[in-house]
Amino acid sequence: MLSRRAIVSIARSSKGSRTLVTAAGASRPARVAGSLRRTTVLAAKRHSSSTSGATAAGAFSTKPTAKDPYTYQAGFGNRFASEAVPGTLPIGQNNPQKCKYDLYAEQMTGTSFVAPRAENQNAWLYKIRPSVAHQGFTKLPENPDLESNFSPSNPKVDVSPTQLAWYPLDIPSDGKVDFIDGLKTLCGNGDPTLREGLAVHMYMANSSMENKAFCNNDGDMLILPQQGRLDIQTEYGKMMVRPGELVVIQRGMKFKIILPDGPSRGYIQEIFGSHYELPELGPLGAQGLANPRDFEVPVASFDIDQSSWEIVYKVCGQLFLCKQEHTPFDVVAWHGNYAPYKYAMEKFINVGSISKDHIDPSIFCVLTAKSKTPGTPLADFLIFSPRWDIATETFRPPYYHRNAATEYMGLIYGNYGGRSDEFAPGGGSYETGFCPHGVSYEEFKAATGTELKPIRVHEDTIAFMFESSMMFTLTDYALKRTGKLHEHEPKMWDDLKGQFMNHLDQVNADLKAAGLPGLGVKK
């Protein structure tokens with residue numbers, strides 16, 4: 001094999017003639033080669049060696065670290081290409097009559113065949129055995145804590161008009177509970193059969209998946225580990241995901257999760273019917289928020305395991321078991337733009353007011369997913385991470401508000417001030433649309449009287465919000481079986497008295513000065 005660093009090398013042809021071969025594989029007769037060498041020597045004499053530059057060995061990829069042993073391609077929504085064995089990908093076509101090494105070509109589509117080119121998502125996988133080589137499906141017993149139908153007519157869900165919160169949910173200590181077994185649904189909207197809606201889950205697991213994989217046919221899963229890393233093997237390659245990173249595994253992709261740090265817990269937002277996108281930046285221009293180059297996509301990696309495997313499929317919220325006599329992680333090469341990815345949330349570029357007042361919380365949006373209503377997101381994923389707060393003449397905490405959006409909030413690590421309860425990593429809070437919320441009286445009083453100086457906020461903290469234009473229902477598990485549910489204490493706002501009443505004399509004086517009748521005076 002030619003060295004990538006070689007500029008030229010001389011080789012013998014089958015007829016004994018001398019041939020010059022470039023690193024790219026082009027060849028010239030030896031006669032031309034000698035002329036080229038003489039020209040090169042003369043050129044070298046005319047130009048100083050200090051003008052020499054360098055050429056990249058290939059496209060940019062990340063380097064392994066002590067905490068993450070894997071390599072990644074960079075970008076969001078790119079057309080990626082990766083091959084674990086060089087030369088495996090077919091040239092100039094996707095589905096040759098015979099693939100190299102007798103591999104099987106298999107396409108996975110993430111959108112309609114006829115979706116607009118800018119929205120069309122697919123990938124071609126070159127596999128040792130195709131996915132169709134299996135032994136059939138068997139329905140698994142129902143997981144009572146897993147829900148997909150969020151219609152109010154479903155007796156297993158309910159609604160709440162008030163704010164709710166959960167202390168950190170317990171990770172099981174008895175028995176073997178892997179990622180699939182540890183899925184618990186808290187709330188959501190819609191139904192995967194409608195191809196619009198979402199679900200909010202948590203996972204609590206104490207065991208790695210062995211010869212077992214998961215395939216979610218219902219929607220894309222945005223996974224946020226809160227305790228312990230996730231070593232995720234996908235058909236596209238491997239990813240190590242730590243607390244502080246997110247990973248998105250789209251609908252129809254098989255994956256397996258190993259727990260390298262022991263018991264693990266985390267949050268999941270699952271969306272039905274659309275895919276996550278980067279939010280539009282508008283007047284921000286080309287930079288800011290989550291930059292596309294900071295997203296990481298796995299490189300091809302495959303096993304040659306021909307032992308027994310189990311694949312658990314989630315279809316319309318129900319679980320099915322499929323057995324096969326080979327690993328599902330046998331993709332030698334792949335290309336396309338329908339691929340899993342991860343992102344380190346510490347890389348988020350915060351923006352905000354540099355004069356006064358607040359900008360809407362949409363400035364904290366990392367990823368968004370469209371609904372069927374133009375201009376209205378099905379789901380936004382927002383984070384609150386370290387940044388400067390410098391607004392002058394401004395009430396700096398979140399102002400009192402009633403949003404059209406439904407909100408579920410969680411904490412990955414750190415401390416998020418201004419909450420009404422013990423808001424701890426692994427816990428969560430919920431507010432339905434138009435439910436009034438805001439900071440406690442103590443925080444209001446402090447914020448209205450303190451001297452305003454530039455300060456750092458949310459230091460060493462990442463909190464997040466799953467925000468949706470949809471109304472949520474809550475599951476029986478969330479309302480009855482977590483053992484961690486509590487309502488926000490309304491007394492925290494009791495001291496928010498009508499201070500306006502202390503200024504009636506001044507108000508009447510101002511009304512009189514404006515030629516208006518005083519308070520309580522009939523017009």
Side-chain angles (χ1 to χ4, degrees), residues 56-78 80-84 171 178-179 182 203 205-210 213-214 220-250 253-269 276 278 290-303 327-329 331-334 339-349 366-367 381 383 385-386 410-414 425-426 460-462 464:
F60 173 81
S61 59
T62 67
K63 297 185 183 304
T65 66
K67 292 289 187 179
D68 187 344
Y70 305 129
T71 296
Y72 304 91
Q73 305 171 85
F76 187 91
N78 304 18
F80 297 98
S82 184
E83 46 189 14
I171 301 173
D178 63 23
F179 176 83
Y203 71 87
N206 62 19
S207 178
S208 297
M209 296 164 66
E210 297 177 354
F214 185 54
D220 294 5
M221 300 180 86
L222 186 159
I223 305 172
L224 302 167
Q226 178 272 313
Q227 176 179 318
R229 291 175 299 164
L230 301 180
D231 188 348
I232 306 177
Q233 184 173 18
T234 75
E235 296 174 88
Y236 296 76
K238 298 179 179 180
M239 297 182 287
M240 185 72 75
V241 186
R242 59 168 174 80
E245 292 181 318
L246 66 85
V247 61
V248 172
I249 302 177
Q250 289 97 318
M253 297 179 181
K254 300 174 189 137
F255 64 96
K256 165 186 173 178
I257 290 183
I258 295 172
L259 309 180
D261 302 326
S264 182
R265 175 177 57 203
Y267 307 88
I268 301 172
Q269 184 181 59
Y276 289 104
L278 294 175
N291 285 326
R293 64 172 296 222
D294 291 327
F295 287 81
E296 298 175 350
V297 173
V299 297
S301 173
F302 69 95
D303 296 332
T327 176
F329 307 115
V331 177
V332 180
W334 64 270
Y341 54 86
K342 74 169 190 168
Y343 172 73
M345 292 179 280
E346 295 89 350
K347 295 179 180 179
F348 187 76
I349 308 299
V366 180
L367 293 169
F381 172 66
I383 65 169
S385 56
L411 184 60
I412 304 298
Y413 58 77
D460 300 318
T461 293
I462 291 185
F464 72 89

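Below, each value reflects all heavy atoms present in this structure, side chains not excepted, and no hydrogens, waters or symmetry copies. Positions are given from 1, in the same order as the sequence printed here.
In this structure the side chain of V366 never reaches within 4.5 angstrom of the side chain of F464, judged on heavy atoms. Counting heavy atoms from C-beta on, the side chains of D460 and P386 never come closer than 4.5 Å. Looking at S82 and Q73, their side chains come closer than 4.5 Å, going by heavy atoms from C-beta outward. Residues Q250 and P340 form a side-chain contact, since some pair of their non-hydrogen atoms from C-beta on lies under 4.5 Å apart. Using a 4.5 Å heavy-atom threshold, the side chains of M253 and Y236 count as touching.
Atoms NZ and CD1, from K342 and I223 in turn, are 13.0 Å apart once rounded to the nearest 0.5 Å. The CG atom of L230 lies 5.0 Å from the CD1 atom of I257; values are rounded to the nearest 0.5 Å.
Looking at F80, Y72, F76 one by one, the single match for ring pair (Phe, Tyr, Trp, His ring centres under 6.0 Å) with Y341 turns out to be F76.
Of all the heavy atoms in G414 and T461, the pair that sits closest is CA-OG1, 3.4 Å.
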Worked verdict on N78 versus V297 for side-chain contact (heavy atoms from CB on, under 4.5 Å): CA-CA 10 Å; N78 304 18; V297 173; over 6 Å; no

Enumerate, atom names and distances included, each donor-acceptor pair closer than 3.5 Å involving a side-chain atom of residues 259-269, sequence neighbours excluded.
| unit_1 | atom_1 | unit_2 | atom_2 | d |
| --- | --- | --- | --- | --- |
| D261 | OD1 | R229 | NE | 3.4 |
| D261 | OD1 | R229 | NH2 | 2.9 |
| D261 | OD2 | R229 | N | 2.9 |
| D261 | OD2 | R229 | NE | 2.9 |
| S264 | OG | Y203 | OH | 3.4 |
| S264 | OG | Q227 | O | 2.7 |
| R265 | NE | Q226 | OE1 | 2.8 |
| R265 | NH1 | L169 | O | 2.6 |
| R265 | NH2 | Q226 | OE1 | 3.1 |
| Y267 | OH | L411 | N | 3.4 |
| Y267 | OH | L411 | O | 3.3 |
| Y267 | OH | G426 | N | 3.0 |
| Y267 | OH | G427 | N | 3.2 |
| Y267 | OH | G427 | O | 2.6 |
| Q269 | OE1 | Y276 | OH | 2.9 |

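For the pair E296 and K347, the salt-bridge criterion is met [side-chain N within less than 4.0 Å of a carboxylate O].
Side-chain atoms of D303 and Q233 include a donor-acceptor pair closer than 3.5 Å.
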